[in-house]
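What follows is a short report on a single structure.
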Amino acid sequence: MVENGFQSSFMQEAAARGFIFQCTDPAALDDAMAKGSVAAYIGFDPTADSLHVGSLIQIMMLRLLQKHGHRPVALMGGGTARIGDPSFREEARRLMTEETISANLAGIEGCLRQFLAFGGGASDAILANNADWLDKLAYIDLLRDVGVHFSINRMLSFDSVKNRLDREQGLTFLEFNYSILQSYDFRELNRRHGVVLQLGGSDQWGNIVSGVDLVRRTDQKSVMGLTTPLLTTSSGVKMGKTANGAVWLSEARLPVFDYWQFWRNTEDADVGRFLRLFTDLPLEDCARLESLQGADINEAKKILATEATALCHGHEAAQAAAQAARQTFEEGKLTAADLPVHTVPQAMLAEGVPVFRLFVEAGLAKTNGEARRLVRGGGARVNNAVVQDENGVIAEKDMVEGAIRLSSGKKHHVLVKVG
RNA sequence: GGAGGAGUGCCCGAGUGGCUAAAGGGGGCGGACUGUAAAUCCGCUGGUGUACGCCUACGUUGGUUCGAAUCCAACCUCCUCCA
């Protein structure tokens, strides 16, 4: 463990909680943070209108900065979005329209506001958008100003690039330029807001180091980089994937109940790590909860779920989700309030609707076929009764306490109401 | 610019004229066992109000054929070597 030897409260806590993977100059960073407030940034690409759990470690890092009196800067990749991040290959290459980008920016900003305090104070967070400067860039100027400081030899030596070449994956010029633009962002934020630290996932190391170099060469200033570890669950799966894709942070994309469930279902081996990274609980509490054995660790998971959910959706919503879970899983209550609700038109239930269709309607299956398969596999339940006939009809008579509860498996529940 | 190789479902990957909605694995979903965990075992894993029907799918477009992921042509993209 590298957790001691740091003087600044931020570095001590960040290290102890497991946020630090690599740092360009730990001693200098520690020093700067011990002396005063430091501004640090992380970039977010507006590829969707919400962030998801994959970005959460970065957000928590910004939060930690704020807690220790430093200034977090969230940089929106509004400019780079118009190029399309090439690292996603095929998928992300479709170009986004201006409207999509600005809608996504607004959505992401909403996510960030849950976690950070924005404003004009010393440790208030700042939202920046690289479109503000990238849109104005002239190619030749960029090449002369920034391009000269990039050595192809050097770039080829970066792991991120080398791997691609070794695997015969091919690397486009565009992608190559990505690190130039990112470096340019760093310098711009340094000039505009005095940002001296760039944070990111471990995959960003090469780009971050490039930025550090650029600022040193052109501005003779020493800035730093710090990366977080790549998060996988203990069974080696990349974190944050679930039935319907990503675990989103915005309620519009993922009901609070489901967000709470995501954390509740953490593997035993990850509980301690996640408590330290994704909650504000004191380290002693994390250690105590982590050490619970056997079924007792479920208590720790509930605390993890409620704490993590509170950070994202607020205490009330988190408590409500916890209670809904308790009623549903422990007390076997059929229609606990605060389960995700899906409303359907009155007419639909008046006429009666085939079960499989209602499951699709409620979002528990993506297609009719998937819903039918769910029923055939014995995983579909209506009001807790296993559905036998996929074509069976559901109607108003099936309402219990004003709702019909649909379940996919043991964990996914939706209340269907008329609205 | 020249020569050679490659492009298959969410991912990896087999398949070289009909038995192919396409082996196998991963991932995902469901079931069993548990502790709403992990591990293990079992089932499912294009769409379509289910239909040995129709539609979509083996880079793109066209062609050969009763029939094409499979053969031919052109094109696109990627890789390797040469200039």
Side-chain angles (χ1 to χ4, degrees), chain A residues 86 88-93 163-175 232-247 257-275 289-306 309 321-333 336 339-340 348 351-361 363-382 384 386-394 406-413:
Chain A
F88 286 107
R89 294 194 275 285
E90 336 266 344
E91 260 300 313
R93 248 177 220 167
N163 290 344
R164 288 287 290 277
L165 296 178
D166 290 348
R167 279 162 49 208
E168 301 182 358
Q169 283 279 335
L171 190 67
T172 65
F173 185 64
L174 182 67
E175 192 160 14
T232 54
T233 69
S234 289
S235 357
V237 185
K238 198 169 176 184
M239 195 178 158
K241 295 283 176 184
T242 186
N244 304 314
V247 179
F257 179 81
D258 292 327
Y259 189 77
W260 193 92
Q261 282 299 315
F262 167 75
W263 294 104
R264 173 64 242 264
N265 287 304
T266 299
E267 296 178 27
D268 288 8
D270 291 324
V271 170
R273 202 158 51 109
F274 287 3
L275 279 166
L289 291 167
E290 180 180 23
S291 67
L292 292 173
Q293 292 300 310
D296 287 341
I297 204 165
N298 281 325
E299 289 311 311
K301 292 184 189 180
K302 288 178 203 166
I303 293 172
L304 167 65
T306 304
T309 304
Q323 186 184 325
R326 191 164 50 246
Q327 293 178 338
T328 304
F329 289 98
E330 293 172 24
E331 297 163 16
K333 192 164 183 253
L339 281 178
M348 188 179 248
E351 290 164 21
V353 98
V355 211
F356 74 89
R357 204 174 196 61
L358 195 57
F359 268 80
V360 175
E361 179 69 27
L364 288 172
K366 287 200 267 311
T367 62
N368 293 346
E370 191 177 304
R372 288 176 190 280
R373 272 179 242 128
L374 182 68
V375 172
R376 283 175 208 166
R381 280 170 298 147
V382 171
N384 244 358
V386 174
V387 178
Q388 303 295 340
D389 177 9
E390 63 201 54
N391 291 312
V393 172
I394 303 294
L406 303 186
S407 312
S408 160
K410 298 218 159 52
K411 298 180 189 171
H412 300 108
H413 308 285

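Values in this document were obtained by computation on a predicted structure and should not be read as measured data. Convention: sequence-line order gives letters A, B, ...; per-chain numbering from 1.
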Looking only at side-chain atoms of [X], point me to the closest of [options].
| X | options | answer |
| --- | --- | --- |
| A:R264 | B:U36, B:G35, B:G30 | B:U36 |
| A:R376 | B:U48, B:U50, B:G31 | B:U50 |
| A:K410 | B:G49, B:A32, B:G47 | B:A32 |
| A:S408 | B:G30, B:U36, B:G49 | B:G30 |
| A:R372 | B:U50, B:G35, B:A37 | B:U50 |
| A:R373 | B:G46, B:U36, B:U50 | B:G46 |
| A:P354 | B:G49, B:G35, B:C29 | B:G49 |
| A:E267 | B:G49, B:U36, B:A37 | B:A37 |

Roughly how many Å apart are [M] and [N], using the [atom1] atom of each and rounding to a whole number?
| N | M | atom1 | value |
| --- | --- | --- | --- |
| B:G27 | B:A39 | P | 9 Å |
| B:U61 | B:U77 | P | 16 Å |
| B:U48 | B:C33 | P | 32 Å |
| B:U50 | B:U65 | P | 37 Å |
| B:C10 | B:A21 | C1' | 16 Å |
| B:C72 | B:G17 | P | 12 Å |
| B:A37 | B:G28 | P | 14 Å |
| B:G1 | B:C12 | P | 30 Å |

Spacing between [X] atom [atom1] and [N] atom [atom2], to the nearest angstrom:
| X | N | atom1 | atom2 | answer |
| --- | --- | --- | --- | --- |
| A:E390 | B:C44 | CD | C1' | 13 Å |
| A:N391 | B:G49 | CG | P | 10 Å |
| A:H413 | B:G30 | NE2 | P | 11 Å |
| A:D296 | B:U34 | CG | C1' | 15 Å |
| A:Y259 | B:U36 | OH | C1' | 18 Å |
| A:L292 | B:A37 | CG | P | 17 Å |
| A:D268 | B:U36 | CG | C1' | 12 Å |
| A:F356 | B:C29 | CZ | C1' | 19 Å |

Quiz item: Does a nitrogen or oxygen in the side chain of A:K411 sit under 4.0 Å from OP1 or OP2 of B:G31?
Solution: no
Quiz item: Has A:H412 got a side-chain N or O lying under 4.0 Å from the OP1 or OP2 atom of B:G30?
Solution: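 A:H412 to B:G30 OP1/OP2: side-chain N or O found under 4.0 Å.
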Short question: side chain of [X], backbone of [Y] - any donor-acceptor pair under 3.5 Å?
| X | Y | result |
| --- | --- | --- |
| A:N265 | A:Q261 | yes |
| A:K302 | A:A322 | no |
| A:R381 | A:G409 | yes |
| A:S407 | A:K410 | no |

Self-check item: RNA chain B: 5'-proximal contact among A:E330 and A:T367 (nearest heavy atom)
Solution: A:E330
Self-check item: Most 5' of A:R381 and A:Q261 on RNA chain B, judged by nearest nucleotide
Solution: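 With A:R381 and A:Q261 compared, the 5'-side residue is A:R381.
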Quiz prompt | Minimum-distance pair of heavy atoms, taken over all atoms of A:V382 and A:V355 | solution =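 Closest approach of A:V382 to A:V355: CG2-CG1, 3.9 Å.
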Tell me the partner of [N], counting only Watson-Crick (N1-N3 plus N6-O4 or O6-N4) or G-U wobble (N1-O2 and O6-N3) with both under 3.5 Å; none if nothing fits.
| N | answer |
| --- | --- |
| B:C54 | B:G47 |
| B:C78 | B:G5 |
| B:C41 | B:G31 |

Practice problem: State whether a side-chain donor-acceptor pair under 3.5 Å links A:W263 with A:T309. | Solution: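 No, A:T309 and A:W263 have no side-chain donor paired with an acceptor closer than 3.5 Å.
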Practice problem: Select base, sugar-phosphate, or nothing to describe what A:A325 touches, counting heavy atoms under 4.0 Å on all strands. | Solution: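 Base contact.
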Quiz item: Side-chain donor or acceptor of A:N368 under 3.5 Å from a matching atom on the base of B:G47?
Solution: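 Check fails, no donor-acceptor contact within cut-off.
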Quiz item: Can you find an N or O donor on one side and an acceptor on the other, under 3.5 Å apart, linking the side chain of A:E370 with the base of B:U45?
Solution: no
Quiz item: Ring centres of A:F257 and A:H412 under 6.0 Å apart?
Solution: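 Not close enough - the centres of the two rings lie 6.0 Å or further apart.
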